[in-house]
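Order of the sequence lines sets the chain letters (A, B, ...), proteins ahead of strands, with each chain counted from 1.
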Amino acid sequence: MKKLINNVDDVLTESLAGFGRAHADLVDISTDPKLVTRKGGGKKGKVALISGGGSGHEPMHAGFVGMGMLDAACPGEVFTSPTPDQMLAAAEAVDGGAGILWIVKNYAGDVMNFEMAGEMYDGPTETVLTNDDVAVESSLHSQGRRGVAATVIVEKIVGAAAERGDDLAACKALGDRVNAASGTMGIALTSCTVPAAGSPTFEIGESEMELGVGIHGEPGRKRVDLMKADEIAEALIQAICESIAPSGDDDLLLLVNGMGGTPLMELYLLYNSAMNVAGERGLKIARSLVGNYCTSLEMAGASITLTKLDTEMAELWDAPVHTAALRWKA
Amino acid sequence: MKKLINNVDDVLTESLAGFGRAHADLVDISTDPKLVTRKGGGKKGKVALISGGGSGHEPMHAGFVGMGMLDAACPGEVFTSPTPDQMLAAAEAVDGGAGILWIVKNYAGDVMNFEMAGEMYDGPTETVLTNDDVAVESSLHSQGRRGVAATVIVEKIVGAAAERGDDLAACKALGDRVNAASGTMGIALTSCTVPAAGSPTFEIGESEMELGVGIHGEPGRKRVDLMKADEIAEALIQAICESIAPSGDDDLLLLVNGMGGTPLMELYLLYNSAMNVAGERGLKIARSLVGNYCTSLEMAGASITLTKLDTEMAELWDAPVHTAALRWKA
Amino acid sequence: MDEATLIRALVAACCATIEEHSGELTKLDQAIGDGDHGLNMSRGFKAITAEADALAAMSLGDALKKAGMTLVMKVGGASGPLYGSLLMDMGKAASTAPANEADVAQLLRAGIDAVKKRGKSDVGAKTMLDVLVPVAETVAEGGNVDAIRARADEALEATRDMLATKGRAAFLGERSIGHIDPGARSSALLIHAVCNVLEAS
Amino acid sequence: MDEATLIRALVAACCATIEEHSGELTKLDQAIGDGDHGLNMSRGFKAITAEADALAAMSLGDALKKAGMTLVMKVGGASGPLYGSLLMDMGKAASTAPANEADVAQLLRAGIDAVKKRGKSDVGAKTMLDVLVPVAETVAEGGNVDAIRARADEALEATRDMLATKGRAAFLGERSIGHIDPGARSSALLIHAVCNVLEAS
Ligand SMILES: Nc1ncnc2c1ncn2[C@@H]1O[C@H](COP(=O)(O)OP(=O)(O)O)[C@@H](O)[C@H]1O
Ligand SMILES: Nc1ncnc2c1ncn2[C@@H]1O[C@H](COP(=O)(O)OP(=O)(O)O)[C@@H](O)[C@H]1O
Ligand SMILES: [Mg+2]
Ligand SMILES: [Mg+2]
Ligand SMILES: [Mg+2]
Ligand SMILES: [Mg+2]
């Protein structure tokens with residue numbers, strides 16, 4: 001295992017400390033329990049947005065704490081849901097009196113831990129559960145679909161709504177709407193290695209790729225021969241369209257997201273392929289984002305997300321944001 | 001070779017096209033000759049900053065075209081200097097009548113091609129040659145040191161100076177000053193693969209790393225056993241300090257730069273190590289930047305850069321910038 | 001064995017087996033999950049070890065509740081809330097120390113109900129429940145420690161051919177078949193450890 | 001062979017040898033450079049092939065100048081400006097077609113001077129000059145094609161033990177020793193190709 005680390009046990013603490021020091025103007029951090037909160041704490045009268053999940057998906061979520069997005073992020077161990085004590089401490093730190101909105105990716109562990117935190121927290125809370133990954137048919141099992149890259153879009157759009165003063169119910173409803181309007185599917189060319197595990201999560205041949213991979217290196221739809229970028233874009237967009245069924249009139253947000261080990265050059269190339277596929281299908285790409293936002297450690301690969309934006313969602317997407325990983329008009 | 005591409009021959013064109021489409025609000029692109037220019041072309045009366053170099057270092061340089069930074073970027077083939085026709089076309093597209101400043105990394109190919117372009121261009125031009133890589137002792141050979149990640153800092157600071165109206169001589173002098181105040185050294189954990197070559201540029205064992213690697217996978221100081229992040233930070237900062245000799249009074253800019261295949265989690269961890277080392281040495285880190293800015297395709301690894309900022313440089317660093325890869329206060 | 005000695009022995013045995021098999025649990029979880037089950041369990045049981053003195057000073061019921069809360073707060077993932085709920089609700093049901101097999105069976109049932117509720121799941125989904133539920137049956141039937149251990153092993157092995165419909169393994173669909181479930185394995189390990197302690201006492 | 005036929009033959013032979021050895025040049029450049037020399041040369045000579053008709057319609061001098069400019073504009077890297085300057089300045093020196101060995105030697109010298117100037121380098125730095133300069137000497141001494149080819153091969157082999165002080169290989173310091181220089185190899189290939197054409201004509 002080749003990583004820029006000291007000891008396997010300290011990866012998370014040291015990385016978090018580095019994040020806190022690099023962005024001391026934006027966030028405060030705590031290492032016990034592990035927590036990233038917006039500088040200055042809760043904003044009075046504003047719904048507080050708290051997300052979290054296993055680490056290894058950076059910049060998600062800590063990179064999205066700041067003006068116009070999250071109020072706090074709870075980083076779990078690598079690929080492991082955080083614990084309720086983190087969520088409770090986050091809630092106490094950023095509660096502005098208008099309620100807490102948990103933004104949770106749909107994994108059994110995350111759901112249960114946030115659920116326990118919600119039960120323990122003394123104050124109004126709501127949860128937006130993201131489940132945008134169209135790779136796994138929900139009919140196959142009762143766990144439902146996984147939450148992946150569209151979580152970033154939910155956090156941005158709902159973050160802007162909270163910032164302008166929307167109440168808890170409105171934020172929750174908007175988050176559900178954005179999630180329902182989104183579909184994502186990803187592929188992996190290589191595996192990732194959980195530091196503490198020390199060996200790759202899965203084996204994959206030199207001419208294979210995993211179609212529909214999860215953001216923890218979980219298998220997806222199937223193991224296939226390496227595909228060209230154009231074919232990948234076609235396969236992913238096809239699967240997404242089957243789920244969210246966009247029409248030619250919809251304003252779409254296209255996110256081409258890197259898994260961590262794929263360089264920008266390839267992401268822009270895949271974005272170009274995706275734009276071509278969108279064009280052929282008569283889809284209207286109104287907003288775009290290309291980069292590493294919801295990653296899987298050093299895995300090589302990418303995902304494509306499409307979100308059908310209504311006018312309000314588009315406005316909120318465009319609204320100012322100032323976080324470590326997403327910043328505009330501020 | 002596992003990459004998100006279609007055909008090896010089209011990598012550059014398609015990636016460039018994707019970049020242009022994703023950032024159509026910021027840049028115009030041309031594919032023959034290959035060129036990225038600031039939206040709207042040259043700004044009358046402003047010194048035009050043009051950089052360029054081999055591709056594979058994204059976001060450098062195209063990602064830095066925009067307000068407060070570059071006016072144009074000339075992307076060469078992967079790891080190959082661009083050609084004079086690109087530079088001439090760039091100059092024609094963005095010349096605002098106040099002269100052209102070429103920002104060139106010190107590689108024989110880049111130097112010669114920009115030199116030929118300068119000789120052919122009909123108008124005042126100056127060149128800032130960056131050579132911040134302290135890995136290779138310049139005494140060993142007459143090529144001088146390589147230009148690496150500090151190029152980003154030169155482009156940002158001189159970009160802000162040009163934006164506020166500094167003339168060609170002032171921009172050139174400032175660029176030289178920033179370069180002289182900077183030192184960088186990097187390490188690699190894995191090799192990169194040039195798409196057209198199809199196989200890794202160098203072989204490296206499971207427990208080895210390359211200390212002082214170049215951004216084209218060129219060897220550096222020596223092949224050593226894998227080091228811990230703390231040891232890496234110490235070794236790199238030691239080498240940089242030997243070159244730029246910062247005092248405890250200097251305001252330093254610390255850039256922890258990823259080589260492309262290393263996830264953000266590790267970069268922040270290395271940043272934390274670097275901050276600890278800086279602290280032990282009594283160095284004052286006044287500004288920080290952590291991320292993938294000057295990469296080497298999908299190579300795993302990182303570099304550390306320190307720049308001694310004077311008051312003017314710090315102000316210009318903080319000035320608004322709006323490019324694809326660096327954006328603040330705009 | 002008095003209650004304090006028993007609690008100490010249980011803590012020691014459970015923590016030891018988790019520590020010893022942590023690599024194996026991680027490997028199992030790499031095959032059909034995300035490769036952290038060994039680390040999760042080890043983190044949780046190390047935290048329990050750290051509070052062994054405090055636990056030994058409590059009643060069995062309070063010790064179970066406290067240990068459960070520790071798992072909830074330290075483990076994360078799916079196994080944290082699930083094992084945490086198991087112990088916490090066992091503790092709640094153990095207001096008095098269990099006197100016989102029927103008491104133990106009732107405890108276990110209470111804990112298992114909490115797991116089912118928290119995990120919105122039941123037997124047949126290829127999870128820890130596929131070991132815990134059969135074992136509780138054997139306990140209720142008055143089976144001795146040998147019978148309990150045998151039932152746990154059998155039940156564990158039976159998860160191999162199941163299709164996962166809960167937890168991360170569910171995302172694999174058909175591909176989850178052919179591997180035993182990591183949580184079922186950790187449950188079997190814990191049951192063995194508990195049986196060994198009871199046998200020695 | 002008239003001038004047009006000669007130009008066509010030279011273009012064909014040079015392009016063919018570069019195409020054939022492009023993989024080898026890349027491998028050599030991977031060892032002590034950045035692994036693109038084969039691609040760079042191949043890109044440049046493909047562009048020259050594409051304009052073979054136009055070149056054949058020109059005088060040798062103009063054809064050299066045009067081919068040189070094509071290399072400058074298409075190759076990039078270090079080899080583009082260097083081979084480009086070599087050909088352009090050979091072309092400038094060839095206002096009239098070379099009549100004898102002395103003319104050819106003088107052409108070569110002009111081109112080599114341009115390379116030295118552009119590259120701020122000279123023999124001994126482990127570059128293409130370490131083949132071009134000795135070859136020019138043999139030409140000036142009136143050596144026949146066999147002698148020229150032999151000298152090129154010898155000179156190429158001699159770059160193996162040199163310490164690079166120019167170009168990317170210079171960054172390797174001592175580690176550049178033990179590998180022949182990619183640019184020296186491409187120069188040797190081109191010289192062989194030219195010799196083969198002259199021999200056949
Ligand atoms: N809904 C559920 N009900 C019961 N057990 C579950 C459920 N989801 C997961 N499990 C159990 O948890 C185990 C995985 O735990 P662990 O790997 O620690 O957490 P995670 O799946 O979050 O990474 C599975 O092997 C399974 O036995
Ligand atoms: N300053 C120089 N003078 C002469 N030849 C040089 C010089 N720099 C490089 N070369 C030649 O160029 C070759 C490398 O060319 P190439 O790989 O195409 O360009 P780059 O080094 O930019 O990648 C070297 O092997 C060497 O022969
Ligand atoms: Mg997990
Ligand atoms: Mg090159
Ligand atoms: Mg797991
Ligand atoms: Mg080269």
Segment of D:Asn40 engaging chain B (4.5 angstrom heavy-atom cut-off):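 Only the side chain of D:Asn40 comes within 4.5 Å of chain B.
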Toward chain B, the part of D:Arg175 with a non-hydrogen atom under 4.5 Å: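 For D:Arg175, the contact with chain B is made by the side chain alone.
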Part of residues 5-22 of chain D lying next to chain B, heavy-atom separation under 4.5 Å: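 At a heavy-atom separation under 4.5 Å, chain B is reached by no residue of residues 5-22 of chain D.
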Sorted by number, residues from residues 51-77 of chain D in contact with chain B (heavy atoms, under 4.5 Å):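 Within residues 51-77 of chain D, the residues that come under 4.5 Å of chain B (heavy atoms only) are D:Met69, D:Val72, D:Met73, D:Lys74, D:Val75, D:Gly76, D:Gly77.
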Donor-acceptor under 3.5 Å (B:Asn106 side chain, B:Arg145 main chain):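 A pair under 3.5 Å: yes.
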Main-chain N/O of B:Phe202 paired with B:Ser191 side-chain donor or acceptor, under 3.5 Å: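 It does hold such a pair.
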Chain D heavy atoms under 4.5 Å from [X]: which part of the residue, side chain, backbone, both or neither?
X	result
B:Met120	side chain
B:Pro33	neither
B:Pro82	backbone

Residue pairs involving residues 76-92 of chain D (criterion salt bridge (Lys or Arg N to Asp or Glu O under 4.0 Å); sequence neighbours excluded):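 Qualifying pairs: D:Asp89-D:Lys92.
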Distance-only side-chain donor-acceptor flag, B:Asp132 / B:Ser182, under 3.5 Å: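 Per modelled atom types, B:Asp132 and B:Ser182 side chains form no pair under 3.5 Å.
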Leading residue by heavy atom contact count with chain B [cutoff under 4.5 Å; candidates D:Arg43, D:Gln30, D:Arg118]: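 Most heavy-atom pairs under 4.5 Å with chain B: D:Arg118.
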Pairs meeting criterion ring-ring contact (aromatic ring centres under 6.0 Å, His included) with involvement of residues 102-121 of chain B, two or more places apart: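 ring-ring contact (aromatic ring centres under 6.0 Å, His included) check on residues 102-121 of chain B returns B:Trp102-B:Phe114, B:Tyr107-B:His216.
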Which one of [options] has the most heavy-atom pairs closer than 4.5 Å to chain D?
options	answer
B:Gly217, B:Gly198, B:Gly214, B:Ala196	B:Ala196
B:Ala108, B:Cys192, B:Gly109	B:Gly109
B:Arg146, B:Glu115, B:Gln86, B:Glu77	B:Arg146

Any salt bridge between [X] and [Y], counting N to O under 4.0 Å?
X	Y	answer
D:Glu137	D:Arg109	no
D:Asp34	D:Arg168	yes
B:Lys3	B:Glu298	yes

Side chain proximity check, D:Leu82 to B:Met112, heavy atoms < 4.5 angstrom: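 In short, these two side chains touch, coming nearer than 4.5 Å.
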Check: B:Val194 and B:Thr201 side chains under 4.5 Å, non-hydrogen atoms: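 SC-SC contact between B:Thr201 and B:Val194 confirmed.
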Could you give the distance from [atom1] ([X]) to [atom2] ([Y]), rounded to the nearest 0.5 Å?
X	Y	atom1	atom2	answer
B:Leu12	B:Ile5	CG	CD1	12.0 Å
D:Arg160	D:Ser176	CZ	OG	12.5 Å
D:Lys166	D:Asp122	NZ	CG	10.0 Å
B:Met209	B:Ile187	CE	CD1	4.5 Å

